Undergrad: 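This is the structure I want to talk about, given as structure tokens.
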Amino acid sequence: QVQLVESGGGLVRPGGSLSLSCTVSGPTFRSYSMGWFRQAPGKEREFVAGINWNGGSTYYGDSVQDRFTISRDNAKSTVYLRMSSLKPEDTAIYFCAYSEVVYVVTTVAEYNYWGQGTQVTVAS
């Protein structure tokens, strides 16, 4: 069973920055893509960012474009999400996800395994 463990969530003030990490373990494919999603109370899970198998291709949701950066370190089996210029509307539980395809995918159904989520709260 592939397992994903997120870390790095917390409370940050508007305009601030925060970084999330997600480490993958278990019987993974040799090459796989990763993504970050978020879910606020009463809302559907929303695509935030995705990265292909070697980090050469990334894609972002419209609401985070130019503020968030996704990256990965395959030697450490870890994917990162650097969040800057945070807004109160970025408040949500953030989930990392693993996909068995090698290119970037953006829908919930295209991801095979999920982390437990980490809370990010943006408030003054």
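Along the sequence shown, residues carry numbers from 1. Computed from a prediction, not measured in an experiment: that's the story for all the values here.
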Undergrad: Give the intermediate values and the outcome of side-chain contact (heavy atoms from CB on, under 4.5 Å) for residues R38 and V120.
TA: CA-CA 9 Å; R38 67 186 183 187; V120 172; over 6 Å; no
Undergrad: May I ask you to check whether F37 and W114 place their ring centres under 6.0 Å from each other?
TA: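 Distance test on ring centres: under 6.0 Å, yes.
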Undergrad: State, without any angle test, whether S19 and R82 hold a side-chain donor-acceptor pair at a distance under 3.5 Å.
TA: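 Yes, side-chain donor-acceptor contact under 3.5 Å.
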Undergrad: Could you tell me whether the side chains of T23 and T78 share a donor-acceptor contact shorter than 3.5 Å?
TA: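 Yes, because at least one side-chain N or O of T23 sits under 3.5 Å from a partner of the opposite role on T78.
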Undergrad: Once rounded to the nearest 0.5 Å, what's the spacing between atom CG of L81 and atom CE of M34?
TA: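 Between atom CG of L81 and atom CE of M34 there are 11.0 Å.
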Undergrad: Would you give the length of the straight line joining atom OG1 of T58 to atom CZ of R72, rounded to the nearest 0.5 angstrom?
TA: 12.0 Å
Undergrad: Transitively linked via ILVMFWY side-chain contacts under 4.5 Å: Y111 with L4?
TA: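 No, no single cluster joins them.
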Undergrad: Quick one: does V108's side chain get under 4.5 Å of E44's, heavy atoms only?
TA: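 In short, these two side chains do not touch, never coming nearer than 4.5 Å.
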Undergrad: So, do Y60 and T69 sit near enough that their side-chain heavy atoms are less than 4.5 Å apart?
TA: yes
Undergrad: Using the side-chain contact (heavy atoms from CB on, under 4.5 Å) rule, take L20 and S7 through it: C-alpha gap first, then chi angles, then the decisive distance, then the call.
TA: CA-CA 6 Å; L20 306 181; S7 62; over 6 Å; no
Undergrad: Which atom pair, heavy atoms only, marks the closest approach of S124 to P14?
TA: N-CD, 3.7 Å
Undergrad: Compare every heavy atom of V48 with every heavy atom of F68, then report the nearest pair and how far apart it is.
TA: CD2-CG1, 3.6 Å
Undergrad: Where is the tightest heavy-atom contact between S17 and S85, given as atom of each residue plus distance?
TA: OG-N, 4.4 Å
Undergrad: For residues 24-33, which side-chain donor-acceptor pairs fall under 3.5 Å, sequence neighbours excluded?
TA:
unit_1 : atom_1 : unit_2 : atom_2 : d
S33    : OG     : V101   : O      : 3.0
S33    : OG     : Y103   : O      : 3.1

Undergrad: Please examine the side chains of S21 and K76, heavy atoms only from C-beta on, and report whether any two atoms are closer than 4.5 Å.
TA: no
Undergrad: Is there a side-chain contact between R45 and F95, using heavy atoms and a 4.5 Å cut-off?
TA: yes
Undergrad: Is there a path from I70 to L18 through hydrophobic residues (I, L, V, M, F, W, Y) whose side chains come within less than 4.5 Å of each other?
TA: yes
Undergrad: What is the distance from atom CG of L11 to atom CD of Q119, rounded to the nearest 0.5 Å?
TA: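 Rounded to the nearest 0.5 Å, the CG-CD separation comes out at 9.5 Å.
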Undergrad: Is there a donor-acceptor pair closer than 3.5 Å between any side-chain N or O of E6 and the backbone N or O of Q116?
TA: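 Yes; at least one donor-acceptor contact below 3.5 Å.
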Undergrad: Where do Y98 and C22 land on the side-chain contact (heavy atoms from CB on, under 4.5 Å) test, with the steps shown first?
TA: CA-CA 10 Å; Y98 164 104; C22 173; over 6 Å; no
Undergrad: Between V122 and E89, is any pair of side-chain heavy atoms under 4.5 Å apart?
TA: no
Undergrad: Measure from the side-chain N and O atoms of N74 to the backbone N and O of S77, and report whether any donor-acceptor pair falls under 3.5 Å.
TA: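 Looks like no, no N/O pair under 3.5 Å.
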Undergrad: Hey, are the side chains of N112 and V2 touching, using non-hydrogen atoms and a 4.5 Å cut-off?
TA: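 They are not in contact (no side-chain heavy atoms under 4.5 Å apart), so the answer is no.
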Undergrad: To which residues is Y80 joined in a hydrophobic cluster, defined by side-chain heavy-atom contacts under 4.5 Å among Ile, Leu, Val, Met, Phe, Trp and Tyr, whether direct or through other members?
TA: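 Taking Ile, Leu, Val, Met, Phe, Trp and Tyr as members, Y80 stands alone, with no cluster partners.
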Undergrad: So M83 and R67, side-chain contact (heavy atoms from CB on, under 4.5 Å) or not? Walk me through it.
TA: CA-CA 6 Å; M83 305 181 290; R67 299 189 298 123; over 6 Å; no
Undergrad: Measuring from atom CH2 of W53 to atom OG of S99, what distance do you get when rounded to the nearest 0.5 angstrom?
TA: 15.0 Å
Undergrad: May I ask whether V102 and Y113 are part of the same hydrophobic cluster, defined by side-chain heavy atoms of I, L, V, M, F, W, Y residues being less than 4.5 angstrom apart, directly or through others?
TA: no
